[in-house]
2 protein chains.
Amino acid sequence: MLSRSGIHAVRALVALANVSDGDYKGAALLADETDAPPNYLGKLLQALSREGLVESQKGLGGGFRLARAPEEITMYDVVRSIEDIRRWTQCLFGGDGCSDGNPCAVHHRWAVVRESYLEMMKTTRLVDLLPTENHRGTNPL
Amino acid sequence: MLSRSGIHAVRALVALANVSDGDYKGAALLADETDAPPNYLGKLLQALSREGLVESQKGLGGGFRLARAPEEITMYDVVRSIEDIRRWTQCLFGGDGCSDGNPCAVHHRWAVVRESYLEMMKTTRLVDLLPTENHRGTNPL
DNA sequence: TCCATTCAAGACAATGATATCCTCAACTGT
DNA sequence: ACAGTTGAGGATATCATTGTCTTGAATGGA
């Protein structure tokens, strides 16, 4: 389950995937392309920059670019930089006493769901989110 | 992913599962047993009452009781009464243009996770959450 | 140097979820 | 009838998330 921040962040990174080498794309343009609030997206990009996912450049012609290739960035990397993912590492009810040794009633069932989600996040890379010839500009992220 | 309200609600219903027939358990006691804020739990119980999951009784000896047997109430029933479950019926990014006909890049991957979650919620009944001999009073919900 | 552009950073506002408080109405036992 | 108990409901408070605004710092071009 992505937060709105997480959605903004992933969309922005996808929009950064096609900037030419050595080039940058500004936050305002990114916000326009992804329908995100410009100033807020700026904050999110700052966070992504602190986490080493993007590089920023001030001044004319400046903006943001990916710090790694789109093949090397997973949705998990992005979301972990933006959201508090502890709820996906804890058990469903968040009970402190719940552990593999003393499991709650839904411990194992939830583990299946949780692993399914985390595995999806960790195996889905930015490159997997890019529009293909199949959707020709209508990739409905 | 349960909200705190959802957690409170499920715990309260579990605590109602062992009320004797024709008897009631008060909101204050329920809150005490489940470590929930008493007044807030009252509101949640109101919602559960409106949805027909519990029945309430005012006055001395009053309180709440399950409207159906614990075998007939699923976690899905509870959560749907309390939370906005739309995020589990939409696609991961919530994009309006996303549909089975014009799927986004994560459409199918997310469908697997979503169905896994919804299936767990729909097949887990209150009776499945009750403490068993195995945990003897230490069911860490 | 001067200026326009762009990110960085902090203060502030809006929103929704969570939680509290108070009063009223319904019910029970005396 | 009366008093105590308990849920119902509304107003308000708190908090995290989301979003806006303003100022400053860095950068590059004229």
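We name chains A, B, ... by the order of the sequence lines, and we start the count at 1 in each one.
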Applying a 4.0 Å non-hydrogen cut-off, can you work out what Gly26(A) is touching in the nucleic acid: base, sugar-phosphate, or nothing? sugar-phosphate
Donor-acceptor pair, Glu83(B) side chain versus Ser3(B) backbone, under 3.5 Å? yes
Over all strands shown, is Phe64(A) touching base, sugar-phosphate only, or nothing at heavy-atom distances under 4.0 angstrom? sugar-phosphate
Looking at His8(B), does any N or O in its side chain come under 4.0 Å of the phosphate oxygens OP1/OP2 on dA19(C)? yes
Check whether Arg114(A) reaches the backbone of Gln90(A) with its side chain - one donor and one acceptor, N or O, closer than 3.5 Å. yes
To the nearest Å, how far apart are Arg86(B) CZ and dG16(C) C1'? 12 Å
Quick one: is dT17(D) close enough that its OP1 or OP2 comes under 4.0 Å of any side-chain N or O from Ser3(A)? no
Euclidean distance, atom OH of residue Tyr40(A) to atom P of dT17(D) [Å, nearest integer]: 9 Å
Using whole Å, report how far OH of Tyr24(B) lies from P of dG29(C). 12 Å
Between atom CG in Asp84(B) and atom P in dT15(C), what is the gap in whole Å? 18 Å
Using heavy atoms to find the nearest nucleotide of DNA chain D for Asn39(A) and Gly59(A) separately, return the residue whose nucleotide is more 5′. Asn39(A)
Short question: side chain of Arg11(B), backbone of Leu141(B) - any donor-acceptor pair under 3.5 Å? yes
Is it true that, when you exclude Glu119(A) itself, more than 12 heavy atoms of the residues, nucleotides or ligands shown sit nearer than 6.0 Å to its CD? no
Ignoring backbone atoms, test whether Ser5(A) places a side-chain nitrogen or oxygen under 4.0 Å from the OP1 or OP2 oxygen of dT17(D). no
To the nearest angstrom, how far is Leu41(A) atom CG from dT6(C) atom C1'? 14 Å
May I ask you to verify if any side-chain N or O of Arg4(A) is less than 4.0 angstrom from the OP1 or OP2 atom of dT15(C)? no
Report the distance from atom CG of Leu44(B) to atom P of dA17(C), rounded to the nearest whole Å. 13 Å
Atom CG of Leu29(B) to atom C1' of dT6(D): distance rounded to whole Å? 13 Å
Base dG28(D) to side chain Lys58(A), donor-acceptor N/O within 3.5 Å cut-off: no
Mind calculating the distance between CD (Gln57(A)) and P (dG28(D)) to the nearest angstrom? 5 Å
Just wondering, are more than 12 heavy atoms of other shown residues or ligands nearer than 6.0 Å to CG in Asp84(A)? yes
Ala27(A) near the nucleic acid: base, sugar-phosphate alone, or nothing, with a heavy-atom cut-off under 4.0 Å? sugar-phosphate
Closest-nucleotide ordering on DNA chain C, the 5'-leading residue of Gly61(B) and Ile82(B): Ile82(B)
When you measure only distances, ignoring hydrogens and angles, does the side chain of Lys43(B) come within 3.5 Å of the base of dG7(D) through a donor and an acceptor? no
